[in-house]
There are 2 protein chains.
Amino acid sequence: MARAATTTDAFNAVAEPRRRDILDALARGERSVNDLVEQLGVAQPVVSKHLRVLREVGLVQVRDEGRQRIYRLEPAPLRQVFEWVKDYERLWTERFERLDAVLEDLKAEQAQADRQGSRPATSKTTDEERTS
Amino acid sequence: MARAATTTDAFNAVAEPRRRDILDALARGERSVNDLVEQLGVAQPVVSKHLRVLREVGLVQVRDEGRQRIYRLEPAPLRQVFEWVKDYERLWTERFERLDAVLEDLKAEQAQADRQGSRPATSKTTDEERTS
DNA sequence: CCATCGTATGCCAATATGGACATACGTCAA
DNA sequence: TTGACGTATGTCCATATTGGCATACGATGG
């Protein structure tokens with residue numbers, strides 16, 4: 001089986017840096033294709049193709065204006081990405097908190113060792129349960 | 001040029017749903033490969049290959065335990081994804097606020113129209129500036 | 001030492017990609 | 001009408017993918 005199409009969902013669509021650049025540009029306001037071509041400094045067909053992908057996953061909307069096509073950001077599909085990744089943010093924090101706790105423990109043990117002149121006991125505890 | 005390798009960055013790595021499943025599983029604790037195989041219900045080589053990708057972008061760490069390999073989540077690289085997408089969350093909120101405002105306006109205009117017996121004026125304003 | 005377990009890897013097929021280039025198409029101005 | 005402009009699309013190339021299958025490999029138990 002081949003890789004999932006970039007038009008499958010927002011995850012695949014924003015995996016391409018150039019497309020993120022396009023979205024970033026559109027986040028600051030509507031843009032015509034040529035505007036984007038200038039801002040990104042890439043060939044026009046390339047931009048058009050990326051816009052097509054973004055259109056197909058609903059990340060942008062188009063509007064005809066004379067011979068120009070004005071693209072507008074449609075952030076809704078990014079919600080899926082945000083919702084998935086946001087839960088992991090807690091893990092960084094937790095990890096840091098846990099690190100702090102470990103350091104505290106070590107300091108305490110060290111202090112006790114200094115007082116008693118013996119080596120700190122190796123406290124071995126699993127920090128995550130293994131539910132299988 | 002072909003599509004960027006899945007091992008390029010977290011964006012590409014998590015574009016694959018199965019890999020997100022793996023990360024979700026690991027978020028609840030360490031897992032051996034076979035644990036993951038059972039939980040995901042996919043063939044073992046497939047899991048191993050996805051784990052390889054995740055390893056190469058630093059999203060998981062491995063530890064040998066007898067003949068098992070225990071995988072652990074390393075959420076740090078997801079920060080890049082979070083940081084990029086989080087700014088877009090504001091846009092949903094803003095959009096909703098704007099929608100609320102529009103609805104308020106419509107209601108007000110409607111009320112006035114009812115009082116005066118005329119149709120509400122179409123208020124046309126650009127909501128985003130076009131900086132090129 | 002040998003068989004088995006747990007895992008990783010190699011090869012294959014089918015598919016999709018992003019970019020370069022050429023070109024088609026619709027709109028507008030003269 | 002004709003030509004220029006703005007944009008989309010088609011073709012081609014080189015590359016990478018996911019999953020299936022077979023198999024290699026290291027650790028362990030007998």
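Owing to the predicted nature of the structure, the values given are computational and were not obtained by experimental measurement. Residue numbering restarts at 1 for every chain, and letters A, B, ... go by the order of the sequence lines.
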Self-check item: Side chain of B/Ala5 - closest among D/dT17, C/dT27, D/dG20
Solution: D/dT17
Exercise. Choose from C/dA20, C/dT9, C/dG18 the nucleotide whose nearest atom is closest to any side-chain atom of A/Ala43.
Key: C/dA20
Practice problem: Could you state the atom-to-atom distance from CZ of A/Arg31 to C1' of D/dG6 in whole Å? | Solution: 17 Å
Quiz item: From B/Leu78 CG over to A/Asp87 CG, what is the distance, rounded to the nearest 0.5 angstrom?
Solution: 11.0 Å
Self-check item: Distance in Å, A/Asp21 CG paired with A/Arg18 CZ, rounded so as to fall on 0.5 Å steps
Solution: 7.5 Å
Practice problem: Provide, to the nearest angstrom, the distance between the CZ atom belonging to A/Arg52 and the P atom belonging to D/dA8. | Solution: 10 Å
Quiz item: What class does the angle between the rings of B/Phe82 and A/Phe82 fall in, given that below 30° is parallel, 30 to 60° is tilted and above 60° is perpendicular?
Solution: parallel
Practice problem: Look at B/Asn34 and C/dC5 and indicate whether a side-chain polar atom (N or O) is within less than 4.0 Å of OP1 or OP2. | Solution: no
Quiz item: Between D/dG6 atom P and A/Leu51 atom CG, what is the distance in whole Å?
Solution: 16 Å
Quiz prompt | Atom of B/Val33, atom of B/Ser48 and distance for their closest heavy-atom approach | solution = CG1-OG, 4.1 Å
Exercise. Output yes when at least one side-chain N/O atom of B/Arg69 is less than 4.0 Å from OP1 or OP2 of C/dA8, else no.
Key: yes
Exercise. Mind running side-chain contact (heavy atoms from CB on, under 4.5 Å) on A/Glu65 and A/Glu30 for me, showing each step along the way?
Key: CA-CA 12 Å; A/Glu65 195 165 280; A/Glu30 300 180 337; 5.9 Å; no
Quiz item: To the side chain of A/Thr6, which of C/dT15, C/dG18, D/dA8 is closest?
Solution: C/dG18
Self-check item: Minimum-distance nucleotide (side-chain atoms of A/Arg55 versus D/dT7, C/dT9, D/dT9)
Solution: D/dT9
Quiz item: Quick one: B/Arg63 CZ to C/dG6 P, roughly how many Å, whole number?
Solution: 17 Å
Quiz item: Toward the 5' end of DNA chain C, which comes first, A/Ala4 or B/Ser48, by nearest nucleotide?
Solution: B/Ser48
Exercise. Test B/Val85 against A/Trp84 for side-chain contact (heavy atoms from CB on, under 4.5 Å), laying out the working first.
Key: CA-CA 11 Å; B/Val85 80; A/Trp84 180 77; over 6 Å; no
Exercise. Could you give me the CA-CA distance, side-chain angles and deciding distance for A/Glu16 and A/Val53, then say whether side-chain contact (heavy atoms from CB on, under 4.5 Å) is met?
Key: CA-CA 11 Å; A/Glu16 166 68 70; A/Val53 172; over 6 Å; no
Quiz item: What is the distance, rounded to the nearest whole Å, between atom CD of B/Gln68 and atom C1' of C/dT7?
Solution: 10 Å
Quiz item: Any donor-acceptor pair under 3.5 Å joining the side chain of B/Gln44 to the base of C/dA8?
Solution: yes
Practice problem: Could you please name the option among D/dT9, C/dA16, D/dA22 that lies closest to any side-chain atom of A/Lys49? | Solution: D/dT9
Quiz item: In terms of side-chain heavy atoms of A/Val33, which of D/dT17, D/dA8, C/dA8 is nearest?
Solution: D/dA8
Practice problem: On DNA chain D, check which nucleotide each of B/Arg3 and A/Val47 is closest to and give me the residue with the more 5' one. | Solution: A/Val47
Quiz item: Taking A/Ile22 as the fixed residue, which of A/Leu54, A/Leu59, A/Val42 is the one that meets the side-chain contact (heavy atoms from CB on, under 4.5 Å) rule?
Solution: A/Leu54
Quiz item: In terms of side-chain heavy atoms of A/Ala2, which of C/dT15, D/dG10, D/dT15 is nearest?
Solution: C/dT15
Exercise. Verify side-chain contact (heavy atoms from CB on, under 4.5 Å) between B/Arg3 and B/Thr8, making sure each step is shown before the conclusion.
Key: CA-CA 10 Å; B/Arg3 201 200 303 204; B/Thr8 300; over 6 Å; no
Quiz prompt | Note: A/Lys86-B/Glu89 ion pair, threshold 4.0 Å (strictly below) | solution = no
Practice problem: Using five base pairs at each end, measure the axis-to-axis angle across the helix from C/dC1-D/dG30 to C/dA30-D/dT1 and round it to 10 degrees. | Solution: 10°
Exercise. May I have the distance from B/Asp35 (atom CG) to C/dC5 (atom C1'), rounded to whole angstrom?
Key: 14 Å
Quiz item: When rounded to the nearest 0.5 angstrom, what is the spacing between OG1 in A/Thr6 and NE2 in A/His50?
Solution: 9.0 Å
Practice problem: Would you indicate which nucleotide in D/dA8, C/dT17, C/dG19 comes nearest to any side-chain atom of A/His50? | Solution: C/dG19
Quiz item: Taking OP1 and OP2 of D/dA8, is either one under 4.0 Å from a side-chain nitrogen or oxygen of A/Tyr71?
Solution: yes
Quiz prompt | Closest listed nucleotide, where the reference is the side chain of B/Val46 and the choices are D/dG20, D/dT11, C/dT27 | solution = D/dG20
Quiz item: When you measure from every atom of DNA chain D, which of residues 13-23 of chain A have a heavy atom less than 4.0 Å away?
Solution: none
Exercise. Please report, rounded to the nearest Å, how far the P atom of C/dT4 is from the CZ atom of B/Arg67.
Key: 12 Å
Quiz prompt | A/Ile70 CD1 - D/dG6 C1' separation (whole Å) | solution = 10 Å
